[in-house]
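Reading through the structure tokens given below for one structure.
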Amino acid sequence: MMAARRDLGPDYEDALVDSFLDKLDVEIAARVRNEVAAHLARQPPGNQPKQKDSAVGVAMGSLALGIPLTGIAVGNAGLAGLLLSWGGIVAVNLAYALGRRRER
């Protein structure tokens, strides 16, 4: 790169630096990929990272939505509204649980 700079002069310095950095970036990315692949190959099969369980999120979301829905339903439709809103929440959670069961 230094020889090319001497031959081309300072007018091309930015282009030479950009070219050098692009080549350096490609080389670093290749090395990182190789290191990650080697690290993953050394891990025992049972030591794979676990996926997050979203069941807790669904349950917490159901409870968070259930509070205002209960107030609205009881205020507008009384006991029937309460049963209908919580029946819907239970149905959503049941459908989610059955869907997860099929995936396993």
Side-chain angles (χ1 to χ4, degrees):
M1 185 177 129
M2 296 305 288
R5 183 184 179 276
R6 273 185 249 130
D7 291 342
L8 296 173
D11 295 337
Y12 292 96
E13 187 171 331
D14 289 341
L16 288 171
V17 169
D18 288 342
S19 173
F20 174 74
L21 290 176
D22 288 342
K23 290 177 184 176
L24 187 63
D25 188 38
V26 168
E27 181 65 28
I28 289 171
R31 287 183 184 187
V32 167
R33 277 192 303 274
N34 290 338
E35 283 293 320
V36 168
H39 179 71
L40 290 176
R42 287 190 300 259
Q43 286 186 344
N47 197 12
Q48 298 297 325
K50 293 183 179 180
Q51 294 180 351
K52 281 190 166 184
D53 186 13
S54 59
V56 173
V58 172
M60 295 303 289
S62 295
L63 290 175
L65 288 175
I67 293 169
L69 283 177
T70 299
I72 294 168
V74 170
N76 289 327
L79 181 62
L82 175 72
L83 294 175
L84 183 62
S85 65
W86 277 98
I89 292 170
V90 168
V92 166
N93 281 283
L94 184 62
Y96 178 77
L98 292 175
R100 283 178 42 91
R101 194 174 245 190
R102 285 186 198 143
E103 290 176 5
R104 291 182 186 184

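When a residue number appears, it is its place in the shown sequence, counting from 1. Computation of the quantities below employed the complete heavy-atom set of this structure, encompassing side-chain atoms and omitting hydrogens, waters and symmetry-equivalent molecules.
Between Gly81 and Ala73, the closest heavy-atom pair is O-CB, 3.2 Å.
To the nearest 0.5 Å, the span separating CD1 on Ile89 from CG on Leu84 amounts to 10.0 Å.
Hydrophobic clustering of Ile, Leu, Val, Met, Phe, Trp and Tyr side chains at less than 4.5 Å, counting indirect connections, unites Leu79 with Val74. Transitive grouping of hydrophobic side chains (ILVMFWY, heavy atoms separated by less than 4.5 Å) brings Leu40 and Val32 into a common cluster.
Legend: salt bridge (Lys or Arg N to Asp or Glu O under 4.0 Å) pairs involving residues 26-37, not counting sequence neighbours, sorted by first then second residue: Glu27-Arg31.
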Listed pairs under 3.5 Å, donor-acceptor, residues 17-25 side chains, sequence neighbours left out:
none

Show every donor-acceptor pair shorter than 3.5 Å between a side-chain atom in residues 58-70 and any protein atom, with sequence neighbours excluded, or say none if there are none.
from	atom 1	to	atom 2	distance (Å)
Ser62	OG	Val58	O	2.9
Ser62	OG	Asn93	OD1	3.3
Ser62	OG	Asn93	ND2	2.8
Thr70	OG1	Gly66	O	2.6
Thr70	OG1	Trp86	NE1	2.5

